[in-house]
2 protein chains.
Amino acid sequence: MSEKKSGHLTLLRSTPLLLNLPETALAMLDGILTERSFSRGETIFSEGSESVGSYIIIKGRVKVFKLSAEGKEQILHIVGTKELLGAVSAFAGTPYPAHAEAMEMTTAFFLPRKDFLVLIRKEPSVVMNMMASLSMRLQHFTRMIEDLSLKEVPGRLAAYLLYLHERGGGSDVVEIDISKGQLASLLGTIPETLSRILRKMSDRGLLKVSGRRIKLLNRKALQDIVNGDKLGL
Amino acid sequence: MSEKKSGHLTLLRSTPLLLNLPETALAMLDGILTERSFSRGETIFSEGSESVGSYIIIKGRVKVFKLSAEGKEQILHIVGTKELLGAVSAFAGTPYPAHAEAMEMTTAFFLPRKDFLVLIRKEPSVVMNMMASLSMRLQHFTRMIEDLSLKEVPGRLAAYLLYLHERGGGSDVVEIDISKGQLASLLGTIPETLSRILRKMSDRGLLKVSGRRIKLLNRKALQDIVNGDKLGL
DNA sequence: GGATGTCTTTGACCTATGTCAAAAAGAAAG
DNA sequence: CTTTCTTTTTGACATAGGTCAAAGACATCC
């Protein structure tokens, strides 16, 4: 991890957490933040350790995950640019509830917990923005719990592919921007199972896989699978 | 559902959401809130419907759950006295993400979304309290996702029993305050499986079941199961 | 362009847990 | 107390998906 003082007011202005803050508050922030860089695979914080502060991701992606006793990992979510990392713990003063690790070269602003508490006292509206972000994450988790407990793996995969399709503006070619092993973890399964299911779907003409690029050939059928139809899968 | 105007300032003062509010704000609230009662099994709101407001539970318990296409339910959490119901949706203006149903005779204060928005504008500190409550829920969900994806059913059950043990102040006799079927749903499984696992644990001398009352006879072994040891289960 | 390491796929196997059906035990009602 | 309804338990069975092991496919690095 490398570190240096920042001076990036423009970036600050465009982060959701800090939206609509008066310039004075931003200037104050600018003096507090430090820029930190993490290389691929580097740990940003570990589950159970005391919260020392939160991060605003500037560049790169961070995976937040839990580890089982046997070392299997379940990815909770992937935090990307302009998103917050570790804010809940910093706010509540509780230990980090999961591990965070840079998936690629990642740059982030570090906001020490102490200064953070001063900030929200001076600018309660910051909390408003945080609430919005928290709400979204809460809804994400709600859906995730539903997925993990109610759907089988093909259903979760189909849901994920259709989600990528949506997010990609409706293109039938979607690109999974994480490794298949990581995708397996995100879906609550293992690489072998994911591989087999992709094979079956491919055999049945639902899609075509070329590396991380997947072409959806039958969205309707995929939607049926999400809804619990098996289609011989 | 029955409804009447409220005048319960004392109750308001002791709800976490409203902690530390000036009396003027409380008085204003008192004029806004209505008291609503729901009988056992009554729906309070349904997934996907527009958020009209949030509730502060005064008495009783509400189960918040998702339904699969086949009608299987996954309980997300159980909201009890002085807790908030539907606050995220009211805040974010998004539809309710799950169903809410009274598990028993339940009384709650209803806070219309419109008034709620006015309130947080006038009293940003309310949001501070909400954040704390949301954070807790987020951590609960984090754990739940971990449980559902990393642990097998015996592990989830053992974790739940030990949780009840903690919450019950360390007594070795714990009382599950929901039906076994509901508990199964909360653990992401079905009554049959739960019944079989309780049987096995009982056979192995880990606990003793009498109706909804369970006596923990070997906490250490239960903890081992949470950590992934099978112990022939 | 080998050589080394990581990611992905495949096969054989096994087990946890879901499904279906029915009996048993409790709870509620008359 | 008997009837009726709900909840819980048991049994037999099917299967999704995990484990282990090995082979391919890719990427990276001298």
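Basis for what follows: all heavy atoms, side chains included, without hydrogens, waters or symmetry-related copies. Throughout, protein chains are lettered first and strands after them, A, B, ... in sequence-line order, and every chain is numbered starting at 1.
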**OP:** Report yes if at least one side-chain N or O of Thr193(B) is closer than 4.0 Å to OP1 or OP2 of dG18(C); otherwise report no.
**Re:** yes

**OP:** Verify the contact: side-chain N or O of Thr189(A) to OP1 or OP2 of dG18(D), cut-off strictly under 4.0 Å; return yes or no.
**Re:** yes

**OP:** Tell me which nucleotide among dT19(C), dC20(D), dT8(C) gets nearest to the side chain of Glu192(A).
**Re:** dC20(D)

Original post:
What nucleotide, of dT9(D), dG17(D), dT17(C), holds the atom closest to the side chain of Pro154(A)?
Top reply: dG17(D)

Subject >> Candidates dT10(D), dT19(C), dA12(C) - which lies nearest the side chain of Ser195(B) >> reply: dT10(D)

Subject >> SB check Glu73(B) Lys63(B) (cutoff 4.0 Å) >> reply: yes

Original post:
Between dC7(C), dT17(C), dG11(D), which nucleotide has the shortest distance from any of its atoms to the side chain of Val153(B)?
Top reply: dT17(C)

Original post:
Residues in ring-ring contact (aromatic ring centres under 6.0 Å, His included) with His77(A), at least two apart?
Top reply: Phe141(A)

**OP:** Rounded to the nearest angstrom, tell me the gap between atom CZ in Arg156(A) and atom P in dG18(D).
**Re:** 8 Å

Original post:
Is a side-chain donor or acceptor of Ser195(B) paired with a backbone partner of Pro191(B) at a separation under 3.5 angstrom?
Top reply: no

Original post:
Under 3.5 Å, is there a donor-acceptor pair between the side chain of Ser37(A) and the main chain of Thr107(A)?
Top reply: no

**OP:** Using a cut-off of 6.0 Å, state whether more than 12 heavy atoms not belonging to Arg36(A) lie near its atom CZ.
**Re:** yes

Subject >> Residue Ile197(B), side-chain heavy atoms: nucleotide from dT17(C), dG18(C), dG18(D) that is nearest >> reply: dT17(C)

Original post:
How about Ser179(A) and Gln182(A): does a side-chain donor come under 3.5 Å of a side-chain acceptor?
Top reply: no

Original post:
Has Arg199(A) got a side-chain N or O lying under 4.0 Å from the OP1 or OP2 atom of dT10(C)?
Top reply: yes

Original post:
Using a heavy-atom distance cut-off of less than 4.0 Å, which residues of residues 98-106 of chain A contact DNA chain C?
Top reply: none

**OP:** Looking only at side-chain atoms of Glu152(A), point me to the closest of dT10(C), dG17(D), dT19(C).
**Re:** dG17(D)

Original post:
Atom CG of Leu194(A) and atom P of dG18(D): how far apart are they, to the nearest Å?
Top reply: 11 Å

**OP:** Rounded off to whole Å, could you give me the CG-to-P distance for the Leu187(B) and dG18(C) pair?
**Re:** 11 Å

Original post:
Short question: side chain of Tyr96(B), backbone of Val52(B) - any donor-acceptor pair under 3.5 Å?
Top reply: yes

**OP:** Send over the distance from Lys200(B) NZ to dT9(D) P, rounded to a whole Å.
**Re:** 15 Å

Subject >> Base dT19(D) to side chain Arg196(A), donor-acceptor N/O within 3.5 Å cut-off >> reply: yes

Original post:
Please give, in whole Å, the distance from dG18(C) C1' to Lys151(A) NZ?
Top reply: 18 Å

Original post:
On DNA chain D, nearest-nucleotide positions of Gly188(A) versus Ser179(B): which is more 5'?
Top reply: Ser179(B)

Original post:
Between Arg213(A) (CZ) and dT8(C) (P), how many Å, whole number?
Top reply: 15 Å

Original post:
Ile225(A) has an atom CD1; how far is it from atom P of dA16(D), in whole Å?
Top reply: 13 Å

**OP:** Mind calculating the distance between CG (Leu198(B)) and P (dT7(D)) to the nearest angstrom?
**Re:** 17 Å

Subject >> Sidechain-backbone polar pair: Ser171(A) side chain, Val173(A) backbone, donor-acceptor under 3.5 Å >> reply: yes

